[in-house]
Amino acid sequence: MKPYESPEKYMTLPRQARGKLGSGGFFQHSTFIVWIPALAYALAFSLRTFQGPVVNHLEVAVPTPLARTFTYLADSPVPPGMRVLVPFGRRRVVGVALGPAQAELEAGTQLKKIEKILDDTPSYSETVLAIARWISTYYMHPLGEVLRTMLPASSEKVAKDLLALTPEGEQARSAASTSEGQFLKLLFGKKKTEMSYGAALGKSKRLAGEATIGSDAFTVRQLVKSGLVVKRRGSTMRAREMQTEEVERAPEPLSPAQRGVAPELRPAQRQAVDRICQALRPTRDGSPAAESKVFLLHGVTGSGKTEVYIQLIEEVLKESGHQALLLVPEISLTPQMTQVFERRFPGIVAVVHSAMTDIARWQELQRIRAGTARILIGPRSAVFGPFGKLALILVDEEHDGSYKQSTGLTYNGRDVAVLRGKLEKAAVVLGSATPSMESYQNALAGRYELLEMPERVTGRPLPEINIIPCEKKRGLGTVVKAHSARPHADDVQADERDDIPIDPKILEALEQNRLAGRQAIVLVNRRGYAYYLFSLQERQAVPCPNCSISLTLHARSTVLRCHYCDYKTTVERIVAERPGDTLIAVGYGSQKAEDCLAAKLPKARITRLDSDIVVDREVLPKVLEKFRRGDIDILVGTQILAKGHDFPNVTLIVILEVDQLLNLPDFRAGERTFQLIVQAAGRAGRADLPGKVLIQTVRAENPLVLAALEQDYKGFAASELKFRRAHEYPPFTRMIAIEINGPHKPRLETLCTQMERWQDELAVKQPNLAAKVRILGPSVPPIETIRGRHRRTVIFSSGDLQALRTVSQAFVTAFGKLPPKVRLRIDVDPQSLI
DNA sequence: AGCACGCCGACT
DNA sequence: GTCGGCGTGCTC
Ligand SMILES: [Zn+2]
């Protein structure tokens, strides 16, 4: 009997077998606690019979994209939180009982009966149900789906059909001598030998419509018939275990010294621990503190946050049964990291991460549910853990973007943590060296208590940070003129024959570092999708007059546009408006820097790590391991390299494309850049081996960069908050981004016109409401199409959350019926709008 | 999102 | 003829 299998499967098993599950729902606390509400509930249920038509009517949340719940008939009362098997349409699904149905039924509705109750005790506690309800409303996501995502993933993976190249097909592709072969190359790309069948259908159709490069188009059918490809039933892919997962869980016995006389705390640490402990003090009856308190722990890199966490957890453990949750960005969730806690708290730490198999994850969470584990360490989804008595939630690196889920239910683990803390009356500690503007503003406004640890306690000195100003434009890009405004590969090359993208001083430093037997990290941006126009005179990107974010420019086009508000202008116009200025089209990320490194440092062993690879559980650990072993001299990669990993032999970190990062078309560009520099500074060197950080920029006097050099968070935050306030961005407003996407561009554009009309109507019909909410777009996002689907975004923002919700909800309802194949995505508090 | 129904063009 | 692709409607 495997508990992680779908309920449908185990429902067919005899009852005794089910008993082995611990006869428990997932979120249950204990049998004792649950049965009392169950009895009270039964009483209430029967009383209802006197009141009205709700007898035996049970409200059930069903996992479906429909934004509503359903009413079923139940023979006996079903306490809220129980999972139930119900008929739904022509299938059977697992829903969650919510309570007696309150809503009036439409006349003539034929109710169906619940088929089975799947739990002996509720899977979802009252508190967890309350969290689910809040999430459902706040993130505008159906309750049934929210409840489903809260449970650990079941291993049912949909077997999708695949289209695979046959050996003949592979041959035809590499030869590319036939039109079929050429078409296969377009369809599959150069290396892949299989792709999803659905994607193949769509892509082949698109290629046929595009009247492509001379080569004929074929239908998938034709290709199958000629034996070049075969349709295959997709195998159910099982998440592969990360190698590190097998790291010995029970560590070797520790000497008392090792295990743990806690290190002497510095005053700032002591003070933080004391303040938070006050909030942890349990009330008389043994339940957690009477009131939840949120702390923002702002500690510079090396200020000893981990030790503070550990001591707080120790405090929690003093109370029988009390538990603690430590949320960590996915990327930092390494065995090295968890071992620190496992050593200090042997046997009672549970760890979950996304690379685990479902069984392993289920088992870890089971330990939390049973109370045998008292500490849970995990990424954002761990915030839904099945705690009995959660007394403390720690959110490490609270500013980290990985706490935000970007697809489906777009929740932010940090924000849910704050809510859960409130509902569970647990203390919440948000820790960071560079707090998010949201949390910092909450602290300034007194909603969170700010605790500061400005002092470094670890032996590692701050590295030397140098700005390398670029006197030349350093290969930034092409100078645009009215008559040749297009950024084009040829121009770029012609222009840069003697203008390399990396300053010789940096190349020299890299070479010296290698000769000294040390390693280096070079941080670049992800390879580019667009350009911005850099004014040499103003030393900044040409911004949108409405939104103050950089205007973007695409290759082979001279149209500059704002992807927030859809403001448009042309390069010619900008050039004409700024006589005497030099304007440069700069790509946000490029291959150039890497190529230059390889060319100028032929002896160095250089490897590139793209952030796309994070998704790939195989590559990332392998490369990092190689780097750790010293088989790589220079690791070139995106921001992820600055996070989480400690490489003791890295003494030099180079940040090459700071200007591009600063000018990303996103109101958080500055915040991200600041975080990157501070993080990098925290990673270079170690106690006996001082590190160095080099920053190449065309604008050496940039106050943001200067503040980062000084680790002056407050200075940076003050100016950043000023910017946010002036332009009505978060944290001074809330934002909801709605994306529509679909394969037919004209259809999407028609829809956009309707959306504009809707806005006009709102302004007329409800002027008061409309005045409170800023609506930008529909506009074209910087990445216009993803996997053949065109995209448009509408951004709602307001300082009045109620008004924002009302307007967004009205909008979503108005466009509830979408044209064929068009999908709508809602992102509440979007983390990135690209 | 599933799932079924019904319509239509194209391949045995 | 029928098989598969695709738009449409429904889910207590
Ligand atoms: Zn704009």
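Just so we're on the same page: letters track the sequence lines, and every chain starts at 1. Everything numeric in this text was worked out from a predicted model, so none of it was measured.
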*Asks:* Within residues 61-69 of chain A, find the residues that approach DNA chain C with a heavy atom at under 4.0 Å, and present them sorted by residue number.
*Replies:* A/Leu66, A/Arg68

*Asks:* Does the structure place the NZ or CZ of A/Arg68 under 6.0 Å from the centre of the six-membered ring of A/Phe70, at an angle of no more than 45° from the ring's axis?
*Replies:* yes

*Asks:* Kindly write out the residues that satisfy side chain to side chain contact (heavy atoms under 4.5 Å, CB included) with A/Ser136, not counting sequence neighbours, or none if the list is empty.
*Replies:* A/Leu143, A/Val146

*Asks:* Starting from C1' on B/dA1, measure out to CG on A/Leu409 and report it in whole angstrom.
*Replies:* 15 Å

*Asks:* Tell me whether A/Lys113 forms a cation-pi arrangement with A/Tyr72, defined as NZ or CZ under 6.0 Å from the six-membered ring centre and within 45 degrees of its axis.
*Replies:* no

*Asks:* Compare the minimum distances between each of C/dC12, B/dC3, C/dG7 and the side chain of A/Lys821, then state the nucleotide with the smallest one.
*Replies:* C/dG7

*Asks:* With a non-hydrogen cut-off below 4.0 angstrom, is A/Gln110 in contact with a base, only sugar-phosphate, or nothing?
*Replies:* sugar-phosphate

*Asks:* Of A/Arg90 and A/Leu105, whose closest DNA chain C nucleotide lies nearer the 5' terminus?
*Replies:* A/Arg90

*Asks:* Tell me whether the rings of A/Tyr138 and A/Trp134 are parallel (<30°), tilted (30 to 60°) or perpendicular (>60°).
*Replies:* parallel

*Asks:* Is any side-chain N or O of A/Tyr72 closer than 4.0 Å to OP1 or OP2 of C/dT11?
*Replies:* no

*Asks:* Provide, to the nearest angstrom, the distance between the CD atom belonging to A/Gln222 and the P atom belonging to B/dT12.
*Replies:* 11 Å

*Asks:* Take the protein atom CG of A/Leu824 and the nucleotide atom P of B/dA1, then report the distance between them rounded to whole Å.
*Replies:* 11 Å

*Asks:* Rounded to the Å, how far apart are A/Arg91 CZ and C/dT11 P?
*Replies:* 12 Å

*Asks:* Quiz question: by atom type and distance under 3.5 Å, do the side chains of A/Asn741 and A/Arg791 form a donor-acceptor pair?
*Replies:* no

*Asks:* When the nearest nucleotide of DNA chain B is assigned to A/Arg823 and to A/Thr219 on a heavy-atom basis, which residue is associated with the more 5' position?
*Replies:* A/Arg823

*Asks:* Do A/Thr121 and A/Asp119 have side-chain N/O donor and acceptor atoms under 3.5 Å apart?
*Replies:* no

*Asks:* Starting at CZ of A/Phe88 and ending at C1' of C/dG9, how long is that distance when rounded to a whole Å?
*Replies:* 13 Å

*Asks:* From the options C/dG7, B/dA1, C/dC12, select the nucleotide whose nearest atom is closest to the side chain of A/Pro820.
*Replies:* C/dG7

*Asks:* Can you sort out the partners of A/Glu194 under side-chain hydrogen bond (donor to acceptor under 3.5 Å, both in side chains), two or more places apart, ordered by chain and number?
*Replies:* A/Arg232

*Asks:* Side chain of A/Arg221 only, heavy atoms from C-beta on: which candidate in C/dC3, C/dG7, C/dC12 is closest?
*Replies:* C/dC3

*Asks:* Could you state the atom-to-atom distance from CZ of A/Arg92 to P of B/dA1 in whole Å?
*Replies:* 23 Å

*Asks:* Closer to the 5' end of DNA chain C via nearest nucleotide, is it A/Tyr197 or A/Lys817?
*Replies:* A/Tyr197

*Asks:* Within this structure, what is the CD1-to-C1' distance between A/Ile114 and C/dC12, rounded to whole angstrom?
*Replies:* 11 Å

*Asks:* Quickly work out the A/Arg148 CZ to B/dA1 C1' distance and round it to whole Å.
*Replies:* 8 Å

